[in-house]
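One structure below.
Keep in mind it's a predicted model, so treat the numbers as computed, not measured. Basis for what follows: all heavy atoms, side chains included, without hydrogens, waters or symmetry-related copies.
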Amino acid sequence: MRVLVTGGAGFIGSHIVTALRRAGHEPVVLDALLPSAHPAAPDPEGVSAEFLHADVRDSGDVRAALRGIDAVCHQAAMVGLGKDFADAPEYVGCNDLGTAVLLAAMAETGVRRLVLASSMVVYGEGRYDCLRHGPVRPEARRPEDLAAARFEPRCPACGSALVPGLVGEDAPADPRNVYAATKLTQEHLAAAWARSVDGTALALRYHNVYGPGMPRDTPYAGVASFFRSALARGEAPRVFEDGAQRRDFVHVGDVAAANVLALDATSGLPSGALTAYNTGSGDPHTIGEMAAALALAHGGPAPVVTGEFRLGDVRHITADSSRLRRDLGWRAEIGFTAGMADFAHAGQRASATIG
């Protein structure tokens with residue numbers, strides 16, 4: 001199968017390209033090499049797949065890239081919370097306009113199979129239960145509560161403590177920052193495309209992806225990258241809030257494998273709709289636990305819990321990935337301890353490599 005991988009020179013995309021090649025597929029990379037993800041441009045001569053230096057927002061380049069393509073793996077996006085709300089136009093342009101241009105070109109050229117990189121951020125806060133009121137959706141955390149170190153969401157009906165749990169794909173979406181809103185919009189656009197052209201679309205809602213090749217020292221990277229960058233500089237990882245935020249850390253190798261399975265599955269799933277799959281390890285940990293495991297494997301220094309916070313961050317988000325295991329036979333193979341030990345000594349990227 002000949003697969004166009006948008007954003008294929010990026011952190012996750014490059015691992016997907018490698019996994020596709022190992023599975024006997026022919027990946028084609030389209031990447032704009034945006035400075036936020038690629039401070040230094042990779043040498044195209046060193047790329048082990050067909051490489052097109054183009055922006056997914058350029059309809060002419062995208063149409064040309066789709067010639068002879070059987071399926072698209074859409075990874076191109078700005079990620080993370082960014083620096084502040086001034087980043088919003090760039091997020092919407094890259095993530096949503098780029099997706100619309102890609103889908104329009106797919107509709108025109110007859111490519112009918114899509115795997116979309118989505119995110120667990122579309123849920124906002126995860127699932128919570130109140131002992132009195134059952135499942136509830138907490139309101140966005142207030143700045144004054146965060147400043148007073150009141151980090152846990154409370155029941156909106158009675159104000160009592162909540163018990164966090166796993167959220168399923170059918171839970172209502174509740175994006176709570178610009179990046180989250182753009183990822184949900186990508187899903188809606190893909191669903192509209194699938195209905196319009198009778199295409200098949202899968203959205204993999206990634207959890208906190210980490211592993212070799214994560215970008216370093218950028219406000220657009222994930223928390224694991226922040227901690228790894230600090231350790232590489234000989235500094236203690238700075239853990240925000242109280243470190244008890246629950247996340248599901250999933251290794252990039254497992255995410256790449258999920259994409260290969262999803263691309264294969266597009267030939268057998270019903271067309272005309274989008275199917276979403278949570279893509280997590282199924283083994284949640286707190287951010288404090290992750291920082292400690294990474295620092296221990298790296299050899300220190302130990303993390304420092306700062307009490308700082310970022311508006312737009314959610315407290316707990318862990319999801320049930322059993323649908324992906326049931327439907328596609330995928331499960332995470334790289335456990336938390338082994339994955340963090342590997343990542344503690346793995347290289348980080350200032351530019352992209354594909355191999």
Side-chain angles (χ1 to χ4, degrees), residues 80-82 84-85 119-181 183-184 205-210 219 221-227 230 236-250 278-295 302-321 336 340:
L81 286 181
D84 52 43
F85 201 84
S119 173
M120 50 80 185
V121 297
V122 301
Y123 301 116
E125 290 284 353
R127 176 192 169 95
Y128 291 88
D129 289 294
C130 173
L131 295 179
R132 291 178 57 191
H133 297 97
V136 298
R137 301 283 299 175
E139 299 172 349
R141 297 185 296 168
R142 299 180 300 177
E144 56 268 31
D145 287 335
L146 296 173
R150 294 189 293 268
F151 300 124
E152 292 290 344
R154 313 294 290 187
C155 176
C158 67
S160 62
L162 298 174
V163 178
L166 301 180
V167 62
E169 290 91 347
D170 296 328
D174 185 18
R176 298 198 173 187
N177 56 58
V178 171
Y179 171 63
K183 297 309 288 185
L184 183 59
R205 291 175 175 168
Y206 299 160
H207 281 257
N208 289 69
V209 185
Y210 73 95
V223 65
S225 178
F226 295 163
F227 293 165
R238 295 176 60 81
V239 179
F240 281 16
E241 301 186 18
D242 58 0
Q245 310 94 304
R246 287 168 53 84
R247 298 290 188 271
D248 186 326
F249 298 98
V250 59
N278 291 327
T279 308
S281 71
D283 182 26
H285 289 269
T286 69
I287 287 178
E289 289 170 342
M290 186 271 286
L294 196 57
V304 175
V305 178
T306 69
E308 298 172 86
F309 61 88
R310 295 191 305 178
L311 294 178
D313 274 345
V314 299
R315 180 62 174 174
H316 305 295
I317 175 63
T318 57
D320 180 356
S321 298
F336 177 79
M340 288 298 163

> After noting the C-alpha distance and the side-chain angles of Met290 and Arg247, does the key distance pass the side-chain contact (heavy atoms from CB on, under 4.5 Å) rule?
Replying inline: CA-CA 9 Å; Met290 186 271 286; Arg247 298 290 188 271; over 6 Å; no
Interatomic spacing from [atom1] in [X] to [atom2] in [Y] - rounded to 0.5 Å:
X      : Y      : atom1 : atom2 : value
Phe240 : Ile287 : CZ    : CD1   : 10.0 Å
Asp174 : Glu125 : CG    : CD    : 8.5 Å
Leu146 : Arg315 : CG    : CZ    : 9.0 Å
Leu166 : Arg246 : CG    : CZ    : 7.5 Å
Ser119 : Asn208 : OG    : CG    : 8.0 Å
Phe309 : Asp145 : CZ    : CG    : 10.0 Å

Do [X] and [Y] have side-chain heavy atoms sitting under 4.5 Å apart?
X      : Y      : value
Val167 : Ile317 : yes
Met340 : His285 : no
Leu294 : Pro237 : no
Thr279 : Val209 : no

>> Taking ring-ring contact (aromatic ring centres under 6.0 Å, His included) as the definition, give me every residue that meets it alongside Phe151, ordered by chain and number, with sequence neighbours left out.
In response: none
> Phe249: what forms a ring-ring contact (aromatic ring centres under 6.0 Å, His included) with it, not counting sequence neighbours?
Replying inline: none
> What side chain to side chain donor-acceptor pair (under 3.5 Å) pairs are there with at least one residue in residues 163-173, not counting sequence neighbours?
Replying inline: Asp170-Arg323
> Picking from Arg127, Gln245, Glu152, what satisfies side chain to side chain donor-acceptor pair (under 3.5 Å) with His316?
Replying inline: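 Testing each of Arg127, Gln245, Glu152 against His316, the sole residue satisfying side chain to side chain donor-acceptor pair (under 3.5 Å) is Glu152.
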> Can a donor-acceptor pair be found between the side chains of Thr318 and Asp248 at a distance below 3.5 Å?
Replying inline: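 Judged by distance alone, the side chains do not pair up.
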Could you report the tightest heavy-atom contact between [X] and [Y], atom names first, then the distance?
X      : Y      : result
Cys155 : Val136 : SG-CG1, 4.3 Å
Arg132 : Cys158 : NH1-CB, 3.5 Å
Arg154 : Ala161 : NH2-N, 3.5 Å
Asp313 : Arg141 : O-NH2, 3.1 Å

